[in-house]
Amino acid sequence: MQKNIAVLGVLLLVSACNSSIDGISQASNTVKAKVENCPKAAVVTLPLPNKNEGFYERFDWHIRNIVADDETLRFQTLKQDFVFCRANNTWTVQTGTLPKDLQPPTNYTALAQDWVNPKFKNINFQGQTYQYRVVQEPKYSLSADNNISRPEVPDPTKDKIVFELITPNSKNPQRQTVYTLKDLQNAAVKAGFSAEGNQLGVPRVTSSLVYGEKIWWAIAFEQGEGNNGIATIMSYDPKTAKFSLIQPEALGFTQITDLAITGDVNSPTFWMGTNLGGEGNLYIPAKGLVAYRPDGSLSTYTTHNSPLVGAIPDKLRLENDRLWVSSANGVCQVKWQAADNPESWTCWRFTAMAKLPEKLPLYSASTNQKPAVSLPGKNTVEVLWWSPVNFQTNKGRYEVTYPQGFTTKLNEGASKYEFGRSLPTGKPPIEWPGFEWHWNGQKFVRTLDEVSLNLVGGGPQGIGSGEFKPELPMSWQAMRGDLELVDISPKSTSVKYYSGWVDSEKLQPYLTVVPQTRPQNPQPNPLLKGQ
């Protein structure tokens, strides 16, 4: 069976996004920080995409790694760092410092070799080094002409995901089966899906840490085009040389992006970031931040039922009674023992801002020829997105906030969402034009990681109308602007959207971090009216 090579780049990009630094997520800060040691303010502009990058790359602020010391917390993305100073709770944005080994491979050969023979990673436990990796059996092979292949496996019990651990003073790895294709098929049937069409996605370790007297790992998997896996936490006890597996049924086929552990070592709580992948879409919101307990119970914190500032937690860091939760949209600091109380959350949001030149034309849709209004100069505006106007010239426009708003009517109404089992907690099972927006108590808002990429499906979808044509950019009225629902029926929707579009060459956006505030008098979600 020949593996689809196109999936390789997507897989390893996801792998790079979920790389973690070993064993530091349980560390705590005990030294008093000094204000004079805070990083100096810097201007970091919104980067333009390099050749062969998608336009959305400039808004890719997914956190790949967290580096902490006595003075700062550094949240590393591919191209910039968002840096929190402990002394005065302030933020700066700096040029990226993500280590090379956490960045995606830059050539196909490196990608292929890493898939065929993934490198062992290290974690230290009581002064000794343990090496680990997770592989698929039978393994992939790489031919002389760089074609990747894997033999057919007629027996699903022999198609396996296997964890390998090399202990100190040992050359040969201990091996533990994580799950088989048969296990995946059984899980699919139990969840009400068909067993047919499932195949094991290439696995990856997304977190490793030491808690109590054990080493812990979170294991995720390639997802999409039939590839899937089972959400797994596993541990190893060096005293008994035994592995243990935890596969929460409630998480099913959810990817675990990172792991932190709190509470009694004999009965801990597992905190996890979650994500889903699809065909051509690396980031689909799942269950947000999950707290899972040994009795099988869990709590979920999403953009729909909590102050969580991004839909997909990328990286977690535990410091005493505080849990740091980072996403592509910002960072929250949570008092984890009281996470159900919104007052226990302090959140900040990543964004781009720009100073307006004199009388800048504002368009009510991304490709409109005639401007709707002119924005007054010298003000500062928030920059939300970029969309192409002309594919040949790469000309485009930035979506910016516009408090006065525009109103539009769409020939698409509300209907029942057919896949309610996969919805994030708190999200109404209603399909409508603003499905990827969430209600914040005042308006429908859309975080950066709620913008589904749809790499092979015409690109991100927003508020707009018209037929998709591959040779022409779509005209969007809003991609990330706030929405107010004016009227909705099974056949049509009227919304007021609080954004507009400006020619991108007129702005020089820079990155910043702003406090995330909650509405003072939150109102019920209007989609639930009458239910």
Open item on the list: So if I apply the side chain to side chain donor-acceptor pair (under 3.5 Å) rule between Glu382 and each of Thr351, Thr401, Thr512, which one comes out positive?
Closed with: Thr351

Task: Mutual orientation of the aromatic rings belonging to Trp91 and Phe350 [parallel < 30°, tilted 30-60°, perpendicular > 60°] - done: perpendicular

Task: Main-chain N/O of His304 paired to Trp439 side chain as donor or acceptor, under 3.5 Å - done: no

- [ ] For residues Arg293 and Ser299, determine if any side-chain heavy atom of one lies less than 4.5 Å from a side-chain heavy atom of the other.
- [x] yes

Open item on the list: Are there over 12 heavy-atom neighbours, none belonging to Gln520, within less than 6.0 Å of that residue's CD?
Closed with: no

Task: Leu507 vs Val400 side-chain heavy atoms within contact, under 4.5 Å - done: yes

- [ ] List the atom of Arg397, the atom of Asn368, and the distance in Å for their closest heavy-atom pair.
- [x] NH1-O, 2.8 Å

TODO: Take Asp314 and Thr257 through the side-chain hydrogen bond (donor to acceptor under 3.5 Å, both in side chains) test and state the conclusion after the steps.
DONE: CA-CA 6 Å; Asp314 291 320; Thr257 60; 5.7 Å; no

Open item on the list: Just to verify, which of Phe270, Trp271, Phe125, Tyr132 counts as forming a ring pair (Phe, Tyr, Trp, His ring centres under 6.0 Å) with Trp216?
Closed with: Phe270

TODO: Can you establish whether the number of heavy atoms outside Lys335 located under 6.0 Å from its atom NZ is more than 12?
DONE: no

Task: Nearest heavy atoms of Leu298 and Ala250, plus distance in Å - done: CD2-CB, 3.3 Å

Open item on the list: I want to check a possible cation-pi pair here: Lys427 against Phe435, using under 6.0 Å from ring centre and within 45° of the ring axis as the test.
Closed with: yes

Open item on the list: Given 3.5 Å as the limit, does a donor-acceptor pair link the side chain of Ser504 with the main chain of Gly396, or not?
Closed with: yes

Open item on the list: Give me the atom names and distance for the closest heavy-atom approach of Ala478 to Gly481.
Closed with: CB-N, 4.4 Å

TODO: Check whether more than 12 heavy atoms from other residues, nucleotides or ligands sit under 6.0 Å from atom CD of Glu431, and answer yes or no.
DONE: yes

Open item on the list: Any non-hydrogen side-chain atom of Trp501 less than 4.5 Å from a side-chain atom of Thr367?
Closed with: no

Task: Donor-acceptor contact below 3.5 Å, side chain Thr300 vs main chain Lys287 - done: no

Open item on the list: Just so I know, are the side chains of Val309 and Ser327 near enough to count as touching, which here means a heavy-atom distance under 4.5 Å?
Closed with: yes

Open item on the list: Between Phe75 and Trp348, is the ring centroid distance below 6.0 Å?
Closed with: no

Open item on the list: Between Lys79 and Asn50, is there a side-chain heavy-atom distance shorter than 4.5 Å?
Closed with: yes

Task: For the student: nearest non-hydrogen atoms of Thr408 and Gln477, plus distance - done: OG1-NE2, 2.9 Å

TODO: State, yes or no, whether a side-chain contact exists between Leu73 and Trp324 at a heavy-atom distance under 4.5 Å.
DONE: yes

Open item on the list: Any side-chain to backbone donor/acceptor pair from Glu399 onto Met479? Under 3.5 Å, distance only.
Closed with: yes

Open item on the list: Are Phe444 and Trp432 packed together at the side-chain level, in the sense that at least one heavy-atom pair is separated by less than 4.5 angstrom?
Closed with: yes

Task: Whether Asp449 side chain and Asn329 backbone form a donor-acceptor pair below 3.5 Å - done: no

- [ ] List the atom of Glu505, the atom of Lys395, and the distance in Å for their closest heavy-atom pair.
- [x] OE2-CE, 4.1 Å

Open item on the list: Is it the case that the side chain of Thr302 and the backbone of Thr425 share a donor-acceptor pair, with hydrogens and angles ignored and the cut-off at 3.5 Å?
Closed with: yes

TODO: Apply the side-chain contact (heavy atoms from CB on, under 4.5 Å) test between Tyr301 and each candidate in Val325, Val290, Asp340; give the one that qualifies.
DONE: Asp340

TODO: May I ask you to test the Ser326-Val331 pair for a side-chain heavy-atom distance under 4.5 Å?
DONE: yes

